[in-house]
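So that the names make sense, note that chain A is the first sequence line, chain B the second, and so on, each numbered from 1. Bear in mind the structure is a predicted one, so any value in this text is a computation, not a measurement.
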Amino acid sequence: MASLKPVRGTHDLLPEEARRAYHVTQVGRMLAERYGYDEAATPIFEFSEVFTRTLGETSDVVTKEMYTFTDKGGDSITLRPEGTAGIARALISGGLSQNLPLKLFYAGPMFRYERPQRGRLRQFHQIGVELLGVADPVGDVEVIALGAAVLDELGLQENTKLEINTLGNTESRSAYRNVLIEYFGDHWENLSPDSQARLKRNPLRILDSKDEGDRRIVAGAPIFDDSLDSESQDFFAEVCAGLEILEINWYRNPRLVRGLDYYCHTAFEFTTEALGAQSAVLAGGRYDGLVEQMGGASTPGVGWASGIERLSMLIDDIPPRRRPFAIVPLGNAAEEFCLKLTNRLRRAGLIVDLSYRGKMKQRMKRANHLNARAAIIIGDDELEQSSATVRDLDSGEQELVSLNDLQHRLENFL
RNA sequence: GUGGCUGUAGCUCAGCUGGUUAGAGCACCUGAUUGUGGUUCAGGGGGUCGAGGGUUCAAAUCCCUUCAGCCACCCCA
């Protein structure tokens, strides 16, 4: 065995971290429900073609980031690097195209073989939504509004800003692509090696380069808007207008592009400066060509995904753990009695801890450690009187309570 | 995948240019307190000094390799 360490880029969710992740997920789930989205879950692995055919053969995800293996049946299987492709596949194989529009929420692990960094893991978790079957810009607006609501609910409106851009329809994008190839081709020698490679695979990416030399060339590059046809322009204008109506602040970022081939029209990212190089906390866009490209009927779609770990790092306080009651039995007779009592109170819906062993002092200490609201002390004296000593652990006051009134008395603590 | 920084107790860190049994605070355990926690006091447990190799009489300390984390690139959640 190599060692008892987690595999690089993976991370245990121990209780404290797990509670943060749970809270983030619950906020997403609750708001998605409010916007009319149903939760769905697809497998965490798919046939590799599901990703290679939809993400684009030349995308970074496909060329170097996928966890791919051959299973015992000889099939090439890939751990999902993102959630949309699986949802699209399920739409087709589950015959869900009869139920459009479809509004789905999902949460779960994703896998990408990348060099880990703060906010970048090899196994990470996302929440996300997909709106399928809505070609109208109002769909984009709803999806973005839901994303904004999630961030607001998590208290992140101050730390994030919304950047949006349009990639136009297929015709506009390929027209722009050609213009860019021509322009950057003329500056080939002066481009960074990274950008020279990008020119072949995805010229739009050069716009986003951080290389100084590249930036000077980019400054003189043709503007996307000049290549947008009227349909693309109208679409984008309607999305922006919708955001204005909802009073969602946004910034146009003409350099915002997407690595995945299936995106068109709207691209957006809620970004933060608190996570170093990993600035995107919730990002998505429109992908009208995806389902068709996968072999289904042409189905428009728009959605986003958000990294749970990234959100967890940004939020301050999460709702505190609910406080238990601690049962403290003293003596053998009480021990047996309390086993039953504890079970009864738990079944009645109370959060109850029964310490397994130890002297009274140790059990009281444990009660304190658990942040218990009160300790219920039962020894021979109490048993004789069919009652329990209830000690309020905040005030230190305690009183004798009849067992008949105990549940009621405890409920009044909450 | 490329470049840089870091790696000592569960956590945060000290340990000077190599020199006896590697320290502190917090946390944990025990006792003072035989049916009373959170405060205080006294005591205690816990470390392959990330791992492997090398130099040396002697390595946490110097060198090499490796693993992991962090930072930037790349890419994005």
What nucleotide among B:C74, B:G35, B:A77 has an atom nearest to a side-chain atom of A:Ser209?
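That would be B:C74.
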From C-beta outward on A:Ile377, which listed nucleotide comes closest to its side chain: B:U36, B:G4, B:G37?
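Selected nucleotide: B:U36.
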Between A:His187 and A:Tyr183, what is the ring plane arrangement, given parallel below 30°, perpendicular above 60°, and tilted in between?
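Because their plane-to-plane angle lies in the 30° to 60° range, the rings of A:His187 and A:Tyr183 count as tilted.
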Determine whether any donor atom in the side chain of A:Arg391 lies under 3.5 Å from an acceptor atom in the base of B:G37, or the reverse, and answer yes or no.
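Result: at least one qualifying N/O pair found.
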Would you say the side chain of A:Glu382 and the base of B:G35 hold a donor-acceptor pair, judged only by whether the two atoms sit under 3.5 Å apart?
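Answer is yes: a donor-acceptor pair is held.
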Separation of [N] [atom2] from [X] [atom1] (nearest whole Å):
X        : N     : atom1 : atom2 : answer
A:Leu14  : B:C11 : CG    : C1'   : 13 Å
A:Arg115 : B:A72 : CZ    : C1'   : 10 Å
A:Ile327 : B:G35 : CD1   : C1'   : 16 Å
A:Arg118 : B:C76 : CZ    : C1'   : 16 Å

Output yes when a side-chain donor or acceptor of A:Thr342 lies under 3.5 Å from a complementary backbone atom of A:Leu354, and no otherwise.
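Not a single qualifying donor-acceptor pair exists.
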Looking for any heavy atom pair under 4.0 Å, which part of the strands does A:Gln117 touch: base, sugar-phosphate only, or nothing?
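Counting heavy atoms under 4.0 Å across all strands, the contact made by A:Gln117 includes a base.
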Salt bridge flag under 4.0 Å for residues A:Arg29 and A:Glu39:
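A salt bridge is present here (some side-chain N lies under 4.0 Å from a carboxylate O).
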Paired nucleotide for B:G69 [Watson-Crick or G-U wobble; both distances under 3.5 Å]:
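Its partner is B:C5.
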